[in-house]
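Heads up, the thing below is written out as structure tokens.
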Amino acid sequence: MLELNKSGTDRSEPGRLPAQDPGPDAAPDTRPAGDSPSSGPDAAADRVPLRPYLIAGAILCALYFLYSYFQYARFGSPSWDLGIFEQEVRAYAGFDAPVVDIKGPGYLILGDHFSPIVALLAPLYWIWPSAESLLLAQAALFALGAVIVGRTTQQILGGRSGLCVTVAYGLSWGIQEAVKADFHEIAFAVPLLALVCRALLLKRYTAALLWSLPLVLVKEDLGATVAVVGFLLFVYGRRLQGALLAAFGVAAFVVTLVVLIPAASSAGRYDYWTKIDKNGEQDVSMLDSVLGVLDSSVKIEMLVFLIGITAFMALRSPLTLLILPTLGWRLLSQDSNHWGMVWHYSAILMPVLFLALADGVRRSRGSHRPWLASYAKVAVPVAAAIAVAMTQHLPLRDLLRPDTYRTDDARSQAARAALDAIPAGSRVETDITLMAHLTSDRTVYWVGGAPGTAPDIVAINLDFGWSRPIQDPVAYAEQLHPEARYRLKHRGGSFVVMERTTPEPATIPGVRGD
């Protein structure tokens, strides 16, 4: 269970949650109170070399980007999200409002999710205006998390534990599935949460407060996580800082959901409430949502594997409390995509859990339970072994397959031919297959999501997985846009490109006149 006791043993002082201690293996701390000690954990921290972790981080970054790049090059994007984020970053790079036409013509993305931190990618996009730049940025951010997690672990536990945890974190299913899911804004939260947890473990409490503040700019729900950081600071004895940070986190959470997002949304509300109170068209009460948090084997499996990848030692650390806000909304959600081990939702939990593993091992080394003290000696290599074993069933295993690096197959060639048939600067309505390859220099709409716009081009992959097979692509394009007429411009393999033959409408939804 979670351990908040001071000594790192199994005894705690009645009626009080004492401050965190580095554990029985650390030297006595005789320094004055403050955030910049010259002895104790920070002295050991200064002796841990950075180079091995930078090398490990560079290797992981290369692996993540290699997987992402070849998935992109093979036209294998699993969702529309990469195209959405490129449209957002492209707007920031042009000093425009973050309009994402994929979500709807003229759609302001801050009315969907509140992630203004994505604007930090604009300088990279100036250099490399492509969706691939976002994939590289995410790979680097995930790898940075590995550097922080691994080096902090060695600072706390010593030996080769840091590199073992770097491997365990770097190959963890949460990170690998996020790499497979293409770019998402949570990539920024991963190193930030690693820095927050590092600061808490090294008793740099002011640093923990400062590193947690930008989290509210990553995604709207992370204000609740910031509030938990404030709670931990309060528990560790920084009562004023903790109370203020907790209040800030709660305020940011409420203001973002109730004021900022509705103000930017054309609907005037936060649309994702329906993920909790509706199951399809059926209303679900909050009580039923709460009672149903563990009503699926998929949810239980996710929880077991979340803690299991740390050899269950994360349960010994109060840092594990930081995963509760994210787990809370996911388990309350009626959307099954939020429950399991796929997609990107678990990535932000990985740095927290693996630093909780390090903290749990430190706390358990001096346990009065002999079995627990003995287990603490092997928990880190066990976690690394689990990560390596699981990788044979996870995305990065594909890097060992020659087919992964083939981008000259018939499908990819047909897709590139379709791209060549679409003029730069045109307005295109398309499905996921071509979407992220078009967003850098075209205005892109989601197929069926731009009524009245009469786009210049309708480009579709007939094998995309439509609910009904498309027998006549031109008729389908005119069904989507009865205000216009189209003709077949290009067909190759399963890819079809239609161009508009009638004049462009005088008024296009979502497009402002100059």
Report task. Tell me, with the steps shown, if Thr391 and Gln176 meet side-chain hydrogen bond (donor to acceptor under 3.5 Å, both in side chains). Result -> CA-CA 9 Å; Thr391 296; Gln176 290 201 46; 3.2 Å; yes
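- Surrounding CZ of Phe464 are more than 12 heavy atoms belonging to other residues, nucleotides or ligands, all under 6.0 Å away.
- Separation of atoms CG (Leu134) and OG (Ser68) is listed at 11.0 Å; rounding is to 0.5 Å.
- The shortest heavy-atom contact between Ala358 and Ile156 is O-CG2, 4.3 Å.
- Checking side-chain atoms of Thr326 against main-chain N and O of Ile323 turns up no donor-acceptor pair under 3.5 Å.
- Considering only heavy atoms from C-beta on, Pro98 comes within 4.5 Å of Leu110 through its side chain.
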Report task. Tell me, with the steps shown, if Leu306 and Met350 meet side-chain contact (heavy atoms from CB on, under 4.5 Å). Result -> CA-CA 8 Å; Leu306 273 176; Met350 297 298 108; 3.6 Å; yes
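- None of Val284, Asp277, Val290, Leu327 except one satisfies the side-chain contact (heavy atoms from CB on, under 4.5 Å) rule with Leu332; the exception is Val290.
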Report task. Check the pair His344 / Lys180 against side-chain contact (heavy atoms from CB on, under 4.5 Å), numbers first and verdict last. Result -> CA-CA 8 Å; His344 58 287; Lys180 181 180 179 180; over 6 Å; no
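- Taking CD1 from Ile186 and CG from Leu215, the interatomic distance works out to 12.0 Å, rounded to the nearest 0.5 Å.
- Checked by atom type and distance alone, the side chain of Arg411 pairs as donor or acceptor with a backbone atom of Phe75 at under 3.5 Å.
- In terms of modelled atom types and a separation under 3.5 Å, the side chain of Ser285 and the main chain of Asp288 share a donor-acceptor contact.
- Between the side chain of Arg74 and the backbone N or O of Phe70 there is at least one donor-acceptor pair closer than 3.5 Å.
- Here Lys103 does not pair with Asp101 in a salt bridge; the nearest charged N to carboxylate O distance is not below 4.0 Å.
- Between the Ser317 side chain and the Ala314 main chain, no donor and acceptor come within less than 3.5 Å of each other.
- Side-chain contact between Val382 and Ile386: present, with at least one pair of heavy atoms (C-beta onward) separated by less than 4.5 Å.
- Taking both residues in full, the closest heavy atoms of Leu60 and Ala146 are given as CD1-CB, 3.5 Å, listed atom of the first, atom of the second, then distance.
- Residues Ala252 and Thr256 share a closest heavy-atom pair of O-OG1, 2.6 Å.
- Within the 4.5 Å cutoff, the side chain of Pro325 has heavy atoms near those of the Val228 side chain.
- Counting heavy atoms from C-beta on, the side chains of Gln87 and Val99 never come closer than 4.5 Å.
- Rounding to the nearest 0.5 angstrom, the gap separating the CZ atom in Arg238 from the CG atom in Leu232 is 14.0 Å.
- Between the side chains of Asn337 and Asp335, at least one donor N or O sits under 3.5 Å from an acceptor N or O.
- Here the side chains of Val216 and Leu222 are not in contact, with every heavy-atom distance at 4.5 Å or above.
- Side-chain contact annotation: Ser346 with Arg330, donor-acceptor N/O pair under 3.5 Å present.
- To the nearest 0.5 Å, atoms CG (Leu233) and CG (Leu244) are separated by 10.5 Å.
- Taking the centre and axis of the six-membered ring of Tyr53, the NZ or CZ atom of Arg151 falls outside the cone set by 45° and 6.0 Å.
- Remark: side-chain polar atoms of Glu88 are not paired, donor with acceptor, to backbone N or O of Val100 under 3.5 angstrom.
- For Ser364 (side chain) and Val361 (main-chain N/O), no donor-acceptor pair under 3.5 Å exists by modelled atom type.
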Query raised in the report: For Gln138 and Tyr64, what are the C-alpha separation, side-chain angles and deciding distance, and is it a side-chain contact (heavy atoms from CB on, under 4.5 Å)?
Result: CA-CA 8 Å; Gln138 176 168 272; Tyr64 300 152; over 6 Å; no
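- Inspection of the Thr404 and Asp398 side chains reveals no N or O donor paired with an N or O acceptor under 3.5 Å.
- Inspection of the Tyr72 and Asp182 side chains reveals no N or O donor paired with an N or O acceptor under 3.5 Å.
- For the pair Ile261/Tyr272, no side-chain contact is recorded, criterion being any heavy-atom separation below 4.5 Å from C-beta on.
- With Asn461 as the fixed residue, the side chain to side chain donor-acceptor pair (under 3.5 Å) test singles out one of Thr433, Thr430, Asp431: Thr433.
- Annotation for Leu357 and Ala383: closest pair CD2-CB, 4.0 Å, computed over non-hydrogen atoms.
- Side chain of Thr153 to main chain of Val149: a donor-acceptor pair is present (N/O by atom type, distance under 3.5 Å, no hydrogens or angles).
- Annotation: the span from Met302 atom CE to Phe305 atom CZ amounts to 12.0 Å, rounded to 0.5 Å.
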Query raised in the report: side-chain hydrogen bond (donor to acceptor under 3.5 Å, both in side chains) between Glu220 and Tyr270: does it pass, once the steps are laid out?
Result: CA-CA 10 Å; Glu220 62 274 5; Tyr270 181 55; 2.7 Å; yes
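- Counting only heavy atoms from C-beta outward, the side chains of Pro395 and Val179 never approach each other to under 4.5 Å.
- Closest of all the heavy-atom pairs between Ile309 and Met390 is CG2-SD, 4.0 Å.
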**Report entry** From CA spacing to verdict: side-chain contact (heavy atoms from CB on, under 4.5 Å), Val255, Leu260
**Finding:** CA-CA 6 Å; Val255 169; Leu260 297 181; 4.1 Å; yes
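- For Gln392, the CD atom counts as densely surrounded, since its 6.0 Å shell holds more than 12 non-hydrogen atoms of other residues, nucleotides or ligands.
- Using the six-membered ring where Trp is involved, Trp446 and Trp80 have ring planes that are perpendicular, over 60° apart on the 30 and 60° scheme.
- The main-chain N or O of Asp81 is found under 3.5 Å from a side-chain atom of Ser79 such that the two form a donor-acceptor pair.
- Atom CD1 of residue Ile102 and atom OH of residue Tyr107 lie 12.5 Å apart, to the nearest 0.5 angstrom.
- Looking at heavy atoms from C-beta onward, Gln155 lies in side-chain contact with Leu202 at the 4.5 angstrom threshold.
- Between Asp359 and Arg316 no salt bridge is recorded (no basic side-chain N to carboxylate O distance below 4.0 Å).
- Taking all atoms of both residues into account, the shortest heavy-atom contact from Tyr169 to Val190 is OH-CG1, 3.0 Å.
- No more than 12 heavy atoms of other residues, nucleotides or ligands sit less than 6.0 Å from atom NZ of Lys377.
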Query raised in the report: Yes or no on ring pair (Phe, Tyr, Trp, His ring centres under 6.0 Å) for His338 and Trp343, after CA distance, side-chain angles and deciding distance?
Result: CA-CA 8 Å; His338 295 151; Trp343 300 109; over 10 Å; no
